[in-house]
Amino acid sequence: TPLSHIRNFSIVAHIDHGKSTLADRLIQSTNTVADRDMKEQMLDSMDIERERGITIKAQTVRINYVADDGEEYVLNLIDTPGHVDFAYEVSRSMRAVEGSLLVVDSTQGVEAQTLANVYHALDADHEIVPVLNKIDLPAADCDRVAEQIEDVIGIDASDAIRVSAKTGIGIKETLEAIVTRLPAPTGTLDAPLKAMLVDSWYDSYLGVIVLVRIMDGQLKKGDRIRFMQNGTVHHVDRIGVFRPAMTEIATLGPGELGFLTASIKQVRDTRVGDTITHEKRGTDKALPGFKPAQPVVFCGLFPVDSAEFEDLRDAIEKLALNDASFSFEMETSAALGFGFRCGFLGLLHLEVIRDRIEREYDIDLITTAPSVIYDIHMKDGTVQQLHNPADMPDLTYVDHIQEPRIKATILVPDEFLGDVLKLCQDRRGIQENLTYAGSRAMVVYDLPLNEVVFDFYDRLKSVTKGYASFDYQMTGYRQDALVKMSILVNDEPVDALSTMVHRDRAETRGRAMVEKLKDLIPRHMFKIPIQAAIGGKVIARETLSAMRKDVTAKCYGGDASRKRKLLDKQKAGKKKMRQFGKVDIPQEAFISALKMD
Ligand code: GTP
């Protein structure tokens, strides 16, 4: 296809504003797939994604479209992940296309993720076509939302397309706008091959599938190619495009998007943003700006049943093959036994991996408190990176501690603003900006990442009844008065409950934790002290009193089946417990104890 007849684009939107529905509709209206093959939401492939309604891995589809000018165009849509954890992948994949459809729900307006994603698109110099979706709904207010797009994002929305992805209104106009308003790609056919690695994933039949955008040159089946990051050379088995089913073709040229397979065993070997060239007569200039996505949140994953450790290792190794940004190493905890210290791009990433281990591999897990990476500046001038509060070095050798900070952008209806400011303030936030767009406020806060990783997002949703949207980016490290707080149950430290906290918050946090644990730990035959301590100093203490009677006593001994049920329930509960010295702690205590409210 000549460059003038190619258009490459992505769709940027906040969650639920209709990205997948619109993509489906574009595919369907161009007969890219027969109607009977059209599954709802073609582009979201994994189960978890579908259940949670989020798109994690980028997918792509090639659409042939005969425009009003009578010419046939090739439209390549890449679907980018919509969540803040995957910001790096979003920003890279945006560089593979020239334009974006900016989809905004006309009953809702601009949200924090709309902003974050549109900034990535603007960074990549995209032409942007605003699309107001859901105009079939009575609450649609296109004029207001168009004005908001202009005010908040600062792009012209006077010719925004009014669409209902659900009923099909405006779909034809959208396709025409892609052809007439987005630029064609550029590139040189007879230059050395330069292709960008946009995404990759594992397929059990074909091995790793690599999605590429050809910048210059031509890629053919049988070529020997080199990944410039690690220098590995591969033989190309197949190339093709997605329609959206995989279809093999003979060559991929400049401006085109497609896939290759090359007997690559693990996704880890294929880094998003890498440059691919030919082994011989290749380019020596890689595409600029490559950096691998780095994990920022760490936690321990331990099997509830220690006999499942090897199964857990197996599950983690398999998942890691397919996810270059997930890191792990073995860890031993005095309390929890053998497990793994794992690194994630963010909380959602953590949750997705944990869910998959529990569901696909059927292993019950104990997850320890998520932690960020602290820089520990030692008195001898060296700096240690602390991934696990349990490894905190002796304070006499520590000069000071730095923690990562983020810039958080929150959009919220007026009436909840007070609660949001209070929440951010409680989490040691520093307000940087507060502006209004209609009846909605946009606040920007500088916050410590460690105050956000645990339950900030849940709290934000709950104080705003779900109306706030949130996005963040890492800004850098800053020194603060941080201390390690330990929890002792029956005088034994439970290393898995150690956390780093700010000195000023330690007492409140410690008190909340011991109170929670008191409710979560079942009574035993003896008294159990539960304490929070900094160094050797106890800052909060509760005592769980001893059990006095048989639990079944309250059933008045009458009903035997009820009694049995109760004992069975106790037994089932036991399975999910871990022993600490003489004390059984239920699994949910680890998570709940760390939630703050
Ligand atoms: P994520 O995949 O979670 O990022 O969401 P999304 O942006 O892809 O949104 P999706 O397409 O899943 O749409 C969200 C909801 O809005 C679904 O229930 C759709 O059926 C509905 N929806 C999408 N477009 C329209 C529309 O034009 N009109 C109406 N009434 N509903 C729509």
Side-chain angles (χ1 to χ4, degrees), residues 9-29 32-33 38-61 63 77-87 89-91 93-94 100-118 120-121 128-142 144-146 149 160-175 177 199 244 345-349 351-352 355 411 457 461 466-471:
F9 68 104
S10 65
I11 304 180
V12 299
H14 187 74
I15 275 178
D16 275 348
H17 282 200
K19 181 167 86 171
S20 309
T21 313
L22 178 65
D24 288 352
R25 188 59 76 166
L26 295 174
I27 294 167
Q28 197 182 27
S29 71
T32 302
V33 271
M38 188 79 195
K39 270 186 297 172
E40 281 257 312
Q41 312 231 325
M42 298 257 4
L43 290 177
D44 290 354
S45 56
M46 282 164 49
D47 272 0
I48 294 183
E49 291 183 28
R50 199 166 301 184
E51 259 171 48
R52 296 172 171 236
I54 48 164
T55 315
I56 295 168
K57 268 289 163 196
Q59 301 271 320
T60 175
V61 57
I63 298 169
L77 161 62
I78 61 168
D79 190 19
T80 53
H83 193 274
V84 347
D85 285 2
F86 305 95
E89 293 189 7
V90 179
S91 77
S93 48
M94 293 273 181
S100 286
L101 302 181
L102 168 64
V103 176
V104 182
D105 183 334
S106 61
T107 68
Q108 305 284 330
V110 173
E111 296 288 352
Q113 274 165 22
T114 322
L115 278 175
N117 288 330
V118 84
H120 288 307
I128 291 171
V129 175
V131 171
L132 307 175
N133 189 31
K134 307 198 186 181
I135 60 162
D136 58 294
L137 295 174
D141 188 348
C142 292
R144 183 185 65 85
V145 173
I149 291 174
I161 306 169
R162 302 181 176 208
V163 168
S164 167
K166 187 172 174 186
T167 67
I169 305 169
I171 296 301
K172 171 81 192 156
E173 289 77 359
T174 306
L175 288 162
D199 194 9
L345 295 176
L347 276 192
L348 176 86
H349 189 207
E351 249 178 76
V352 167
D355 271 21
L411 273 95
Y457 194 52
K461 285 281 168 197
Y467 283 109
S469 59
F470 165 72
D471 203 86

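Numbering of ligands and ligand atoms starts at 1, following listing order. Values in this document were obtained by computation on a predicted structure and should not be read as measured data.
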query = Pick from L22, T60, L101, I11: which one makes a side chain to side chain contact (heavy atoms under 4.5 Å, CB included) with L77?
reply =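 The side chain to side chain contact (heavy atoms under 4.5 Å, CB included) with L77 is passed solely by I11 among L22, T60, L101, I11.
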Partner of T114 by side chain to side chain contact (heavy atoms under 4.5 Å, CB included), out of V12, L102, I149 =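 Between T114 and the candidates, side chain to side chain contact (heavy atoms under 4.5 Å, CB included) is satisfied uniquely by L102.
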Under 4.0 Å from a heavy atom of [X]: give me the atoms of ligand 1 that qualify, with their elements.
{"X": "L137", "result": "30 (N)"}
{"X": "H14", "result": "7 (O)"}
{"X": "G18", "result": "6 (P), 7 (O), 9 (O), 10 (P), 11 (O), 13 (O), 23 (C)"}

ask   = Counting heavy atoms only, which of H17, K134, R25 is nearest atom 22 (N) of ligand 1?
value =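 Ranked by closest heavy atom to atom 22 (N) of ligand 1, first place is K134.
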Candidate with minimal heavy-atom separation from atom 23 (C) of ligand 1, of D136, T21, I135 =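 It is T21 whose heavy atom sits nearest to atom 23 (C) of ligand 1.
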Under-4.0 Å heavy-atom contact with ligand 1, by part of S20 that carries it =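 Both backbone and side chain of S20 come within 4.0 Å of ligand 1.
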ask   = Could you give all pairs that pass the salt bridge (charged side-chain N to carboxylate O under 4.0 Å, His left out) test and reach residues 101-116, with sequence neighbours left out?
value =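 The answer is D105-K134, E111-R440.
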request  = With sequence neighbours left out, write down each residue that passes side chain to side chain contact (heavy atoms under 4.5 Å, CB included) with S164, or none if nothing qualifies.
outcome  =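 So S164 forms a side chain to side chain contact (heavy atoms under 4.5 Å, CB included) with I135, D136, K166, T167, I169.
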task = Would you mind reporting whether R162 and S106 have side-chain heavy atoms less than 4.5 Å apart?
result =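 Answer no - side chains too far apart.
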